[in-house]
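This report refers to the structure that appears directly beneath it.
The sequence lines fix the lettering, A, B, ..., with proteins before strands; numbering per chain opens at 1. All values below come from the heavy atoms of this structure, side chains included, with hydrogens, waters and symmetry mates left out.
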Number of protein chains: 2
Amino acid sequence: MSRTIKVLLAEDQSMVREALAALLGLEEDIEVVAQVARGDEVLAAARAHDVDVALLDIEMPGCTGIEAAARVHRELPRVKLVVLTTFGRPGYLRRAMEAGADAFLVKDAPAAQLAEAIRKVLAGERVIDPTLAAAALAEGANPLTEREREVLRAAADGSTNAELAAALHLSQGTVRNYLSTAIQKLAVRNRAEAVRVAREKGWL
Amino acid sequence: MSRTIKVLLAEDQSMVREALAALLGLEEDIEVVAQVARGDEVLAAARAHDVDVALLDIEMPGCTGIEAAARVHRELPRVKLVVLTTFGRPGYLRRAMEAGADAFLVKDAPAAQLAEAIRKVLAGERVIDPTLAAAALAEGANPLTEREREVLRAAADGSTNAELAAALHLSQGTVRNYLSTAIQKLAVRNRAEAVRVAREKGWL
DNA sequence: CGTCCCGTATGACATCTGTCATCCGGTACT
DNA sequence: AGTACCGGATGACAGATGTCATACGGGACG
């Protein structure tokens, strides 16, 4: 009756990627037909191998798994999308869902959930950790504007105001204004804390 | 003629841990006899299962894989130690070796190297990525004193001088002095950069 | 014994950062 | 037409941060 499920695996750490492939290889009905290590190779590989499900890590070079998910969702809407991540950040979940993901798993969930999630999304179900879903809903939307996010991202490595101003083509005063409003919105006391909190929430 | 190799797997993310177990399970001569998710459970599990090799992730709750390695090395010197990490930080390699590790692998190395490394350490060999080894030697030793490290670690989350002083039972001026010297030793321009650089080098 | 480094501390100083009020031009919604 | 919000900017001010000189007691090492 049903053929095996063709899976694309996107994860930058080869040891983890191949280990996950070995894990999925143990399942009778699942076959990993393609592996990529970069976000920007996902779409082409998914198309070339006519996969049923794409399993995407978020943190990858090239582009994030969320961006890759959005592209696949647009170009190959038939492909089911499972997003897998180290960090259970509510903002990630929200963005993954907006990008068209069908399942969202964190890497410290039991391994059995992986194959299970793949089967469920193919059956049309959505798979989301209920705790995370609650957290994502509870915390509300990202209060930062696009510019504030940019400045905060750029400030994350310890750049000074002068460097930020130069890099973003803004005046130093404007940089300080954005950081100041971001600091207030996040209810913290300096840029370093703002970066940390925004990161933790997946807003960065 | 030799029995199977008994391996202990220590890694906090269960999906990754079980995937690695699946990967090693494919090898005829290797058997994963124990899995733990915390650094502070390594020693007891290694002893209880009389393992030949312990495969240790560095980033774990309880204690780091490096600390766990040091304990096992002291208590069960017969057990070979393979340290596995996401981050190829030269300082990590150095500390792992000082803790008695026999092999040091990064997670973005090919999966085949894992089983290979396990066999090699049992044969008495040491397994280290040559590029990393060179980097570790090239960058020299950690220039920070113990106190400077502590202050930098505490400052990493965005705490202010006043909070650091209170937390570490120091005067504010002393905190500033330590941060200032750390900033100079790392040749950067503020605490945020100092934290970033020290992290990247594995000195934190 | 002298020298060096570490941990700790102070005070003074310059610079950086964060806040606030205020302004302008554009867009979007009512 | 009015209001609200965003991106962008300025100037003034207070407080935080980074630098430097200097000091003292304790190990370590020659």
Side-chain angles (χ1 to χ4, degrees), chain A residues 91 94-95 98 139-204, chain B residues 91 94-95 98 139-204:
Chain A
R94 181 182 295 264
R95 280 190 279 159
E98 284 167 7
E139 101 178 345
N142 186 340
L144 303 175
T145 70
E146 173 55 26
R147 266 332 223 175
E148 286 159 1
R149 259 197 308 279
E150 272 179 59
V151 176
L152 213 48
R153 255 197 305 270
D157 66 356
S159 298
T160 79
N161 283 335
E163 290 166 340
L164 295 175
L168 300 169
H169 308 296
L170 291 173
S171 83
Q172 281 197 42
T174 304
V175 168
R176 286 196 287 166
N177 288 154
Y178 285 151
L179 285 172
S180 182
T181 58
I183 286 166
Q184 286 176 76
K185 284 179 178 177
L186 299 174
V188 294
R189 285 189 316 304
N190 56 52
R191 64 182 67 192
E193 278 192 330
V195 167
R196 182 174 56 81
V197 170
R199 271 227 184 91
E200 281 167 9
K201 302 244 188 187
W203 286 343
L204 215 155
Chain B
R94 182 181 296 264
R95 281 190 279 160
E98 284 167 8
E139 99 178 347
N142 186 339
L144 303 174
T145 70
E146 173 57 25
R147 263 336 222 171
E148 287 160 359
R149 260 197 306 279
E150 272 179 59
V151 176
L152 214 48
R153 255 197 305 270
D157 66 356
S159 299
T160 76
N161 283 336
E163 289 166 342
L164 295 175
L168 300 169
H169 309 296
L170 291 173
S171 83
Q172 281 197 43
T174 305
V175 168
R176 286 197 287 166
N177 288 154
Y178 285 153
L179 285 172
S180 182
T181 57
I183 286 166
Q184 285 174 77
K185 284 179 178 177
L186 299 174
V188 294
R189 283 187 318 302
N190 56 52
R191 63 182 68 192
E193 276 192 329
V195 167
R196 182 173 57 81
V197 170
R199 272 228 184 92
E200 281 167 10
K201 303 247 188 185
W203 286 343
L204 217 155

Measure from the side-chain heavy atoms of [X] and tell me the nearest of [options].
X       : options                   : answer
E146(B) : dG7(C), dT10(C), dT19(D)  : dG7(C)
R147(B) : dC20(C), dG18(C), dG7(C)  : dG7(C)
R176(A) : dG11(D), dT17(C), dT17(D) : dT17(C)
S180(A) : dT8(C), dG18(D), dT19(C)  : dT19(C)

Whole angstrom value for the distance that separates C1' of dC20(C) from CG of L179(A): 16 Å
Let me know the distance between NZ of K185(B) and P of dT19(D), rounded to the nearest Å. 14 Å
N-O pairing of E139(B) and R94(B) below 4.0 Å: no
Do the charged groups of E146(B) and R149(B) touch, with an N to O distance under 4.0 Å?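 Salt bridge present between E146(B) and R149(B).
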Residue mapping more 5' on DNA chain C - nearest nucleotide basis, P143(B) or G173(B):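 The residue whose closest nucleotide sits nearer the 5' end is P143(B).
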May I ask you to verify if any side-chain N or O of N161(B) is less than 4.0 angstrom from the OP1 or OP2 atom of dA16(D)?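 False: N161(B) side-chain N/O out of range (4.0 Å or more) of dA16(D) OP1/OP2.
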Does the side chain of T174(A) get closer than 4.0 angstrom to OP1 or OP2 of dA9(D) through an N or O atom? yes
Test side chain to side chain contact (heavy atoms under 4.5 Å, CB included) on L170(B) and E150(B); report intermediate values, then the result. CA-CA 12 Å; L170(B) 291 173; E150(B) 272 179 59; over 6 Å; no
Minimum heavy-atom distance Y178(B)-E148(B), with the two atoms named: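 Of all heavy-atom pairs spanning Y178(B) and E148(B), the closest is O-CG, 4.1 Å.
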Mind checking T145(B) for me? I need base, sugar-phosphate or nothing, with any heavy atom below 4.0 Å counting as a touch. sugar-phosphate
Does anything in residues 186-198 of chain A come within less than 4.0 Å of DNA chain C? Heavy atoms only, and list the residues if so.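 Residues of residues 186-198 of chain A under 4.0 Å from DNA chain C: N190(A), R191(A).
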